[in-house]
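Heads up, the thing below is written out as structure tokens.
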Amino acid sequence: DNGGGKGGRGALIVLEGLDRSGKSSQCARLLSFLQGKGCATEGWRFPDRDTSVGKMISAYLANESQLDDRTIHLLFSANRWEKRSLMESKLLGGTTLVVDRYSYSGVAFSAAKGLDIGWCKAPEVGLLAPDLVIYLDVQPEKAAERGGYGGERYERVEFQKSVAGHYHSLRDSTWKVVDGSLPMETVEEQLRELAMNCISECQDKQLTNL
Ligand code: DGP
Ligand code: NA
Ligand code: NA
């Protein structure tokens, strides 16, 4: 059993998925599991709405401000960049980060508006590369049924379908797709196993960039 904190670096574990895919609850569950194992772990999320850039993003999502598609894209990216150095020092110091959304949200949501994929990816290059991306796979219609959406800008089923298609095209070898329609406890169990394996495997691996 690997509790982490044995001198290796922490793991960068990202959860991705559509709105209402269950990411945030699963992040919270995974975080408390890992902390309970004695593994130094923090829960992060993007957008981080606490920074000044994050407040602009939050106003945009609430439809309280209008911004050009490329402008908001770059703000989301800037919100990740402003956290990069802290992220790096946490990881190198042995802390594992469980992150609710990352660059893949950045690309999938903006591409769903019709922006060029290559253009969308460019500002993400140089951010830290995750060790593991867990995609919580839920049908857009099913996600929409889950207690409804909260009324933010992107919470429309047609738009989410397009986001899902773009997520699909972004999958690479670091991705693990988990069926998010399974019972919460089953999903939770799968995430625990993926995370524990990832944490022990990446201890001696170098951090890399996207
Ligand atoms: P959340 O706080 O996880 O509910 O995310 C808020 C919304 O913002 C959600 O609809 C997903 C979307 N989103 C998250 N990250 C990005 C990003 O980098 N770019 C764009 N365009 N949308 C994003
Ligand atoms: Na949301
Ligand atoms: Na969420």
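Whatever order the structure lists them in is the order used to number ligands and atoms, beginning at 1.
Among R20, R101, R80, E16, the residue whose heavy atom lies nearest to atom 1 (P) of ligand 1 is R101. The residue among Y60, Y102, Y154, F46 with a heavy atom at the shortest distance from atom 12 (C) of ligand 1 is Y154.
Residue-ligand proximity, L61 to ligand 1, at heavy-atom distances under 4.0 Å covers atoms 6 (C), 7 (C), 8 (O). The contact set between ligand 1 and D19, taken as ligand atoms under 4.0 Å from a residue heavy atom, comprises 4 (O), 9 (C), 10 (O). Taking a cut-off of under 4.0 Å to the non-hydrogen atoms of G106, the atoms of ligand 1 that pass are 17 (C), 18 (O), 19 (N).
In this structure, Q160 and Y149 have side chains that are in contact, with non-hydrogen atoms separated by less than 4.5 Å.
Under a cut-off of 6.0 angstrom, the local environment of CD in Q35 is crowded, with over 12 non-hydrogen atoms contributed by other residues, nucleotides or ligands.
At under 3.5 Å, not a single nitrogen or oxygen of K23, backbone or side chain, sits near a nitrogen or oxygen of ligand 1.
Contacts of R45 with ligand 1, taken as heavy-atom pairs under 4.0 Å, involve the side chain alone. Under 4.0 angstrom from ligand 1, there are no non-hydrogen atoms of R153. Contacts of I72 with ligand 1, taken as heavy-atom pairs under 4.0 Å, are absent altogether. Proximity of H73 to ligand 1, defined as any heavy-atom pair under 4.0 Å, is not found for any part of the residue.
Taken to the nearest 0.5 Å, the CG atom of L18 stands 10.5 Å off from the CZ atom of F159.
A distance-only check finds a donor-acceptor pair linking the side chain of E16 to the backbone of S105 [under 3.5 Å]. Looking only at distances, no side-chain donor or acceptor of R70 sits under 3.5 Å from a matching main-chain atom of C120.
Checked against salt bridge (charged side-chain N to carboxylate O under 4.0 Å, His left out), K176 has no partners two or more places apart in sequence or in another chain.
For residues 71-85, the pairs satisfying salt bridge (Lys or Arg N to Asp or Glu O under 4.0 Å) are D48-K83, R80-E124, R84-E88, with sequence neighbours left out.
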